[in-house]
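Worksheet: one structure, shown below.
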There are 4 protein chains.
Amino acid sequence: MASRTAPDPARRSERAHSAVLAATTELVAEIGYGRLTIEAIAARAGVGKQTIYRWWPSKGAVVFDAFLAAGEHEGGIALPDTGDLAADLRAVLRPTSDELADPDTDRTYRAIMAEILNDPALQAEHRTRLLDPLLAVTRDRLRSAREAGQIAPDTDLDLAVEIVYGPLYYRWQYRLGPLTHEHADRLVDAALRALNPPSAGGGSCA
Amino acid sequence: MASRTAPDPARRSERAHSAVLAATTELVAEIGYGRLTIEAIAARAGVGKQTIYRWWPSKGAVVFDAFLAAGEHEGGIALPDTGDLAADLRAVLRPTSDELADPDTDRTYRAIMAEILNDPALQAEHRTRLLDPLLAVTRDRLRSAREAGQIAPDTDLDLAVEIVYGPLYYRWQYRLGPLTHEHADRLVDAALRALNPPSAGGGSCA
Amino acid sequence: MASRTAPDPARRSERAHSAVLAATTELVAEIGYGRLTIEAIAARAGVGKQTIYRWWPSKGAVVFDAFLAAGEHEGGIALPDTGDLAADLRAVLRPTSDELADPDTDRTYRAIMAEILNDPALQAEHRTRLLDPLLAVTRDRLRSAREAGQIAPDTDLDLAVEIVYGPLYYRWQYRLGPLTHEHADRLVDAALRALNPPSAGGGSCA
Amino acid sequence: MASRTAPDPARRSERAHSAVLAATTELVAEIGYGRLTIEAIAARAGVGKQTIYRWWPSKGAVVFDAFLAAGEHEGGIALPDTGDLAADLRAVLRPTSDELADPDTDRTYRAIMAEILNDPALQAEHRTRLLDPLLAVTRDRLRSAREAGQIAPDTDLDLAVEIVYGPLYYRWQYRLGPLTHEHADRLVDAALRALNPPSAGGGSCA
DNA sequence: TATTAACCGAGACGGTACGTCCGGTCTTAGA
DNA sequence: TCTAAGACCGGACGTACCGTCTCGGTTAATA
C-alpha cells in the first residue's frame with residue numbers, strides 16, 4: 001500500500017490516487033462496505049480498475065486508506081500528560097467513544113475490522129498505522145504514571161492497555177450499550193482501580 | 001435459521017442438514033472462510049444449493065450453525081459458584097482463552113466475528129445463542145458476589161462484564177499477545193481490583 | 001458446439017439459445033464482427049455471459065452458428081443433376097456468387113473465414129457443416145458426369161472441385177472483381193474445358 | 001506504414017525498427033498470431049509501445065511488414081518466359097506451393113490473410129506490395145502466350161489468373177489436401193486446358 | 001397399495017463482480 | 001530532443017458465485 005505521506009515516486013497521477021480515496025469514502029457512506037465494489041470505485045473516481053489494483057492489494061486496503069485520509073485518525077488522538085492520569089485517559093477514551101458512536105465511523109470501522117480479522121496483511125497495516133501508535137502513547141503515559149507512583153510499580157503496561165481499551169471495544173463490537181462520555185468515565189475509573197496498588201490505601205492523586 | 005434442537009418437521013432429510021454442517025466445518029478448515037462458497041459446501045455435502053438456501057439465510061449463518069454444532073459452545077462454558085469469585089472467573093476465562101488460542105476455533109470465530117460486525121441478523125443470532133447466555137450467567141455470578149460483599153455494592157453488572165471479558169477479546173482480536181492461563185489469571189485479578197470496594201481508602205480520584 | 005438439429009438435452013432454455021443467435025446476427029450487421037463482443041451479445045440477448053460460454057467455445061463459433069441459423073446455408077445450395085453439367089454447375093456457382101456479393105453475407109463470411117484460418121476447431125466445424133456437404137454433392141455430380149463421359153474418365157474429383165470453386169473464392173477474398181452471373185458462367189466454361197478430355201474433340205453434350 | 005526500402009528520414013532509430021520486425025517474427029513463431037500483442041512485441045524488441053504506434057497502424061501491419069522483411073516474398077517469385085508456358089507456370093506454382101506448405105509461412109500467411117479479410121487498409125497494402133506484382137507478371141506471361149497462340153486469343157487475362165492461382169489457394173485455405181509439386185503440376189495442366197483454344201472442335205456446351 | 005405432493009440432487013439460468021489483459025494515449029526520466 | 005519505460009483510462013476478457021429456477025427422481029403421507 002502506498003504511503004500517504006511518502007508517495008511512491010513511480011506514481012504518476014496524484015489526481016487518480018486522491019480520486020480513488022474520495023470515491024471510496026463517498027461510496028461507503030452511500031451504499032455501505034458490503035455492497036462496495038472495486039468497479040464502482042473506479043467508475044466513480046474516473047479511473048481504470050488497473051490503477052486501483054496497481055496501488056492497493058484489496059478492497060479493504062482501499063477503504064482503510066480512505067478511512068485514514070478522511071479523518072485525523074492517523075497520528076492519533078492526543079494523549080496529554082497533565083499529571084492527572086484519570087483526566088488524561090478520559091481525554092482519549094471520550095473522543096474514541098464519540099467516534100465509534102458516530103454512525104459513519106461506526107460503519108466504516110466495522111467494515112475495516114471485519115477485513116482485519118481475516119486478512120493478515122491488512123491487519124499488519126492497521127497495526128502499523130493506527131493501533132501501535134495509539135498503544136505506544138498509552139503505554140508511555142502509563143509508564144509515566146507508574147514512575148509517579150500513581151499506579152502499581154509492577155504494572156504490566158501491555159496488560160494495562162488491554163484493561164484500558166478492551167472493555168470499550170467489547171461494548172462497541174457486540175453493541176452491548178450506548179457509548180457515552182459517562183460510560184467512558186466509568187471505564188476510566190474501573191481501569192484506575194485495576195491498576196492502582198491493591199491496598200495500601202489511596203493512590204496518590206494529583 | 002433452523003434450530004438444531006427442534007428440527008422443522010417439514011425437513012425431509014436430516015442427512016442433508018448434517019452433511020451441510022459437516023462439509024462447512026471441513027471447508028472452513030481447509031480453505032478458510034474467505035474462500036468458502038455456498039456452491040462448494042453444496043458440492044462437498046452432496047446437496048443441492050437450494051437445500052442450503054432453504055434452511056439458512058446466508059453463508060455466515062451456515063458457518064455459525066456449523067460452529068455451534070461442532071463444539072459445546074452453546075449452552076456455554078460453565079460458570080460455577082463456589083463462593084470464590086476469582087476462582088470462578090478463572091474457570092471461565094481460562095477455557096475461553098484456550099478456545100480462542102486454538103487455531104481452528106480462532107479461525108472460525110474470526111470468520112463469524114467478521115460477519116457479525118456487518119450482518120445485524122447474524123449478530124442477533126449470535127447474541128441469542130452464544131453471547132447473551134454467557135453474559136447472563138456472568139452477571140448472575142457477579143450479582144451473587146455483590147450480595148456477598150465481595151465486590152462493590154453499587155457495581156454496574158453490565159459494566160462489570162465488559163471489564164471481565166473486554167480485555168481478553170481485545171488482545172485476541174488484535175493479536176496483541178498469546179492467550180495463556182497466566183494472562184487470563186492476571187485479567188481476573190485486574191477485574192477484581194476494578195470491581196472491589198475501594199477497601200481501606202483511596203480509590204479512584206475524582 | 002451444440003448441434004442445431006439435435007439440441008443438447010441438458011439445454012434448458014431454447015429461448016436463450018435462439019436469443020443469442022438472433023442478437024449475434026443483429027450485432028454483426030450493426031457494428032461488424034471486429035467490434036462484436038461476447039458481452040454485447042449477452043446484453044442484447046438478455047442472457048448471462050456464462051450461458052454463451054456454456055454452449056459455444058468462442059466468439060467465432062457463435063457467429064458461425066448464427067450464420068447457419070440465419071440462412072439456408074446448411075444442407076447447401078442444391079446441385080441438381082439434369083444431365084447438363086454446365087447448367088448444373090451454373091446452378092450452384094451463380095447463387096454462391098450472389099451470396100458472396102451480398103454485403104451482409106460478405107461481411108459475415110469474411111469474419112468467419114478469418115476465424116477459420118486460425119482456429120482449427122472452428123475450421124473443423126465449418127468443414128463438417130458447410131464445406132464437406134458442398135464438396136460431396138459436387139463430387140457426386142462430377143462423378144455422374146464422368147460416368148456419362150462428359151468429363152475425362154481419369155478425372156480426379158478432389159482436384160476437380162478445387163478447379164470449380166477455387167477461382168471464385170480467389171476473386172472474392174482478394175476482391176479482384178465483381179461477382180456476377182456472367183463471371184460465374186465463364187468460370188463454369190473454363191472448368192469444363194479443364195475437365196474435358198483434352199482433345200478428341202467435343203465431349204458429349206446432352 | 002513505413003517503407004522498408006525508403007526509410008522515413010524522420011525515423012531516428014533504424015535499430016528500433018528492425019528490432020520490432022525481428023521480435024514480431026520470433027513471437028509469431030513462438031506463440032502464434034492470435035496471442036501476439038503489441039505489448040509483447042515492444043517488450044521483446046526493447047522498444048516503447050509508442051514507437052510501434054508511431055510507425056505502424058495495426059498489429060496486422062507489423063506482422064505483414066515482418067513477413068515481407070523475413071522472406072523474399074516481395075518483388076515476387078520469378079515468372080520466366082521460356083516460351084514453354086506450362087513449364088513457366090510450374091516454375092511459379094511449385095515454389096508457391098512449397099511456401100504455403102512450410103509450417104512457418106503457412107501460419108504467418110494465414111494470420112495475414114485473416115487480417116486482410118477484415119481490414120481494408122491492410123488489404124490495400126497487401127495488394128500493392130504482394131498480390132498486384134504477382135498478378136501483373138502473370139498477366140504479362142499469359143499475354144505473351146496469347147500472342148504466341150498458345151492460349152485462346154480471346155482469353156480474359158483477369159479470369160485467367162484466377163484460374164491459375166484460385167484452385168491452389170482454395171486447397172490451401174481449407175486444408176483440402178497436401179500441397180505437392182505433383183498437385184501443382186496437375187493444376188497447371190488443368191489451367192492450360194481451360195485456357196487452350198478448344199482445339200479441334202467440342203469445347204463448352206450450350 | 002397406488003397416488004400425489006413435497007422435497008431432494010443437480011445444475012442451467014440471468015446477473016454481478018472479479019482480477020487480468022491489452023489497446024491506444026500520455027508523462028517522465030535519462031541518454 | 002527523442003526514446004524506453006510504463007502509468008494511465010477504458011473496456012472486454014473468461015471465471016467464479018450469487019440466488020432463483022426448472023428438471024427428473026425419490027420418498028412418505030394420504031386415499
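Labels below follow one simple rule: chain letters A, B, ... track the order of the sequence lines, proteins then strands, and each chain is numbered from 1.
- Residue A:K49 is classed as a base contact, given a heavy-atom separation below 4.0 Å to a base.
- Following rounding to the nearest Å, D:I41 (CD1) and F:dA5 (C1') show an atom-to-atom distance of 17 Å.
- As judged by a 4.0 angstrom heavy-atom cut-off over every strand, D:R54 is placed among residues touching the sugar-phosphate backbone only.
- In this structure, CG of C:L27 is placed 12 Å from P of F:dA12, rounded to the nearest angstrom.
- Nearest heavy-atom pair across B:A42 and B:G48 is CB-C, 4.3 Å.
- Comparing F:dC18, F:dG14, F:dT3 by their nearest atom to the side chain of B:Y53 picks out F:dC18.
- Annotation: of the two residues near DNA chain E, C:R15 and A:T37, the 5′-most nearest-nucleotide partner is C:R15.
- Per the geometry, CD1 belonging to C:I52 stands 15 Å off C1' belonging to E:dT16, to the nearest Å.
- Within the 4.0 angstrom heavy-atom criterion, no nucleotide atom of any strand lies near A:R35.
- The A:I38 side chain lies nearest to E:dG19 when the options are F:dG14, E:dG19, F:dC18.
- Note on B:R110 versus B:E115: no salt bridge recorded, every NZ/NE/NH1/NH2 to OD/OE distance being 4.0 Å or above.
- Counting any heavy atom pair closer than 4.0 Å across all strands shown, B:A16 reaches sugar-phosphate atoms only and no base atom.
- Ranking E:dA17, E:dC13, E:dC8 by closeness to the C:S13 side chain, first place goes to E:dC13.
- The structure places CD of A:Q173 at 8.0 Å from CG of A:L117, a figure rounded to the nearest 0.5 Å.
- Of the two residues near DNA chain F, D:A42 and B:L36, the one whose nearest nucleotide lies more 5' is D:A42.
- Taking the six-membered ring where the residue is Trp, C:W56 and C:H17 present parallel rings, their angle staying beneath 30° rather than reaching 60°.
- Residue A:Q50 places its side chain closer to E:dT20 than to any other of F:dC17, E:dG23, E:dT20.
- Atoms NE2 (C:H17) and C1' (E:dG14) sit 17 Å apart, rounded to a whole Å.
- Here A:T51 reaches the OP1 or OP2 of F:dC9: one of its side-chain N or O atoms lies under 4.0 Å away.
- Side-chain contact check for A:R107 versus A:Y33: every heavy-atom pair is 4.5 Å or farther apart.
- Of the candidate nucleotides F:dC13, F:dC17, E:dC22, E:dC22 has the atom nearest to the side chain of D:E39.
- Of the candidates F:dC17, F:dC8, F:dC13, the closest approach to any side-chain atom of A:W55 belongs to F:dC8.
- As a whole-Å value, the separation of D:E14 CD from F:dT3 P is 12 Å.
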